[in-house]
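In what follows, chains are A, B, ... by sequence order, proteins preceding strands, each numbered from 1.
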Protein chains: 2
Amino acid sequence: MSYKIKSRIWIESKNNVLLGEGRVHLLKAIQETGSLSKAAKSLNISYKKAWQLLDSVNKSAKKPVTINTVGGKGGGGAELTDYGKSLILAFDEINKNCWAFLDKELERIKRL
Amino acid sequence: MSYKIKSRIWIESKNNVLLGEGRVHLLKAIQETGSLSKAAKSLNISYKKAWQLLDSVNKSAKKPVTINTVGGKGGGGAELTDYGKSLILAFDEINKNCWAFLDKELERIKRL
DNA sequence: TTTCGTTATATTTGCTTAAACATAACGAAA
DNA sequence: TTTCGTTATGTTTAAGCAAATATAACGAAA
């Protein structure tokens with residue numbers, strides 16, 4: 001059995017993490033469920049952890065990534081902004097390309 | 001100020017980490033000092049942590065990465081095998097190329 | 001104005017991981 | 001056989017981080 005190359009990429013803004021794999025998962029879950037609490041449940045993480053992640057994302061980003069509404073019909077909710085959607089698309093594209101790149105680099109250690 | 005892309009890569013062997021940035025630093029320090037204890041001191045980590053890392057490396061690798069001698073003149077020491085040296089070279093090469101690759105991908109988020 | 005599900009936040013508890021400390025084994029050389 | 005600096009390993013303590021618990025604020029609709 002041969003060696004494998006693994007990687008993690010993330011986007012930073014002024015030394016703070018903006019987007020990583022976990023944060024992208026959370027944003028996608030918000031997009032699908034329309035609320036942060038439901039997104040947290042679908043990812044099996046606590047609401048607090050989800051909120052902290054989302055708060056960090058919105059504080060690190062140059063423009064809001066989600067619009068959160070509190071109170072009212074249904075209690076409120078959260079939805080992605082167009083900016084948030086474009087960030088996710090960019091991250092997924094870069095991540096996919098990175099894995100393809102590393103798959104080529106794997107040749108360098110195939111014979112080790 | 002714009003966003004930055006960061007990454008971490010590592011080599012795995014049967015679901016165990018073989019080589020990452022920290023382990024490569026340790027191996028290079030061993031190469032320079034000739035002993036695990038001196039390498040640990042130079043990296044400001046405890047001897048035990050260094051030993052556990054090195055032990056994990058040698059157990060994950062297909063062939064020994066270091067030869068450790070105990071007792072005798074000078075108390076003993078540790079030195080890299082040719083195989084260990086080639087692993088380090090491969091890791092550094094892949095890592096360097098990955099950063100260059102991501103530097104190109106940075107264009108995708110320059111305007112976000 | 002009461003209800004409801006959500007966002008928002010603080011506090012406490014538990015767990016995993018890292019650090020600190022301690023000690024045995026080794027073997028060449030004096 | 002005593003010394004020395006190293007490898008090798010166990011044990012205990014501390015710290016950081018995740019999880020659990022609790023509660024306030026909100027605002028549309030009934």
message = With a 4.0 Å cutoff (strictly under), does any side-chain N or O of A:N68 reach OP1 or OP2 of C:dT6?
response =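 No, A:N68 has no side-chain N/O under 4.0 Å of OP1/OP2 on C:dT6.
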Atom [atom1] of [X] to atom [atom2] of [N]: distance rounded to whole Å?
X: B:L53; N: D:dA8; atom1: CG; atom2: P; answer: 14 Å
X: A:L54; N: C:dT9; atom1: CG; atom2: P; answer: 12 Å
X: A:D55; N: C:dA10; atom1: CG; atom2: P; answer: 11 Å
X: B:Q52; N: D:dG10; atom1: CD; atom2: P; answer: 10 Å
X: A:N58; N: C:dT7; atom1: CG; atom2: C1'; answer: 13 Å

query = Out of C:dT9, C:dT6, D:dT9, which nucleotide sits closest to the side chain of B:W51?
reply =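 So the side chain of B:W51 is nearest to D:dT9.
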May I have the list of side-chain donor-acceptor pairs in residues 15-24 of chain A shorter than 3.5 Å, sequence neighbours left out?
from, atom 1, to, atom 2, distance (Å)
A:R23, NH1, A:V17, O, 3.0
A:R23, NH1, A:S56, OG, 2.9
A:R23, NH2, A:S56, OG, 3.4

task = For residues 74-91 of chain A, pull every pair meeting side-chain hydrogen bond (donor to acceptor under 3.5 Å, both in side chains), keeping only residues two or more places apart or in separate chains.
result =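 Checked against side-chain hydrogen bond (donor to acceptor under 3.5 Å, both in side chains) - neighbours excluded - the pairs reaching residues 74-91 of chain A are A:Y83-B:Y3.
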key: Annotated protein contacts, base or backbone, on nucleotides 14-30 of chain D with a non-hydrogen cut-off under 4.0 Å, one of B, S, - each   = -----SB-----BBS--
Do [X] and [Y] sit in one hydrophobic cluster, given that two such residues count as connected whenever their side-chain heavy atoms are within less than 4.5 Å of each other, even indirectly?
X: A:V70; Y: A:I30; answer: no
X: B:I88; Y: A:L106; answer: yes
X: A:I9; Y: B:W10; answer: no
X: A:L27; Y: A:I45; answer: yes

request  = May I have all residue pairs that pass salt bridge (charged side-chain N to carboxylate O under 4.0 Å, His left out) and include part of residues 32-56 of chain A, sequence neighbours excluded?
outcome  =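 Counting only pairs at least two positions apart or across chains, the salt bridge (charged side-chain N to carboxylate O under 4.0 Å, His left out) contacts touching residues 32-56 of chain A are A:D55-A:K59.
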ask   = Looking at DNA chain D, which of residues 24-36 of chain A put a heavy atom within less than 4.0 Å of it?
value =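 Nothing qualifies; none.
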key: Secondary-structure stems for DNA chain C, with pairs counted as Watson-Crick or G-U when both distances are under 3.5 Å and runs at least 3 long   =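 Expected stems, ordered by start: C:1-30 with D:1-30.
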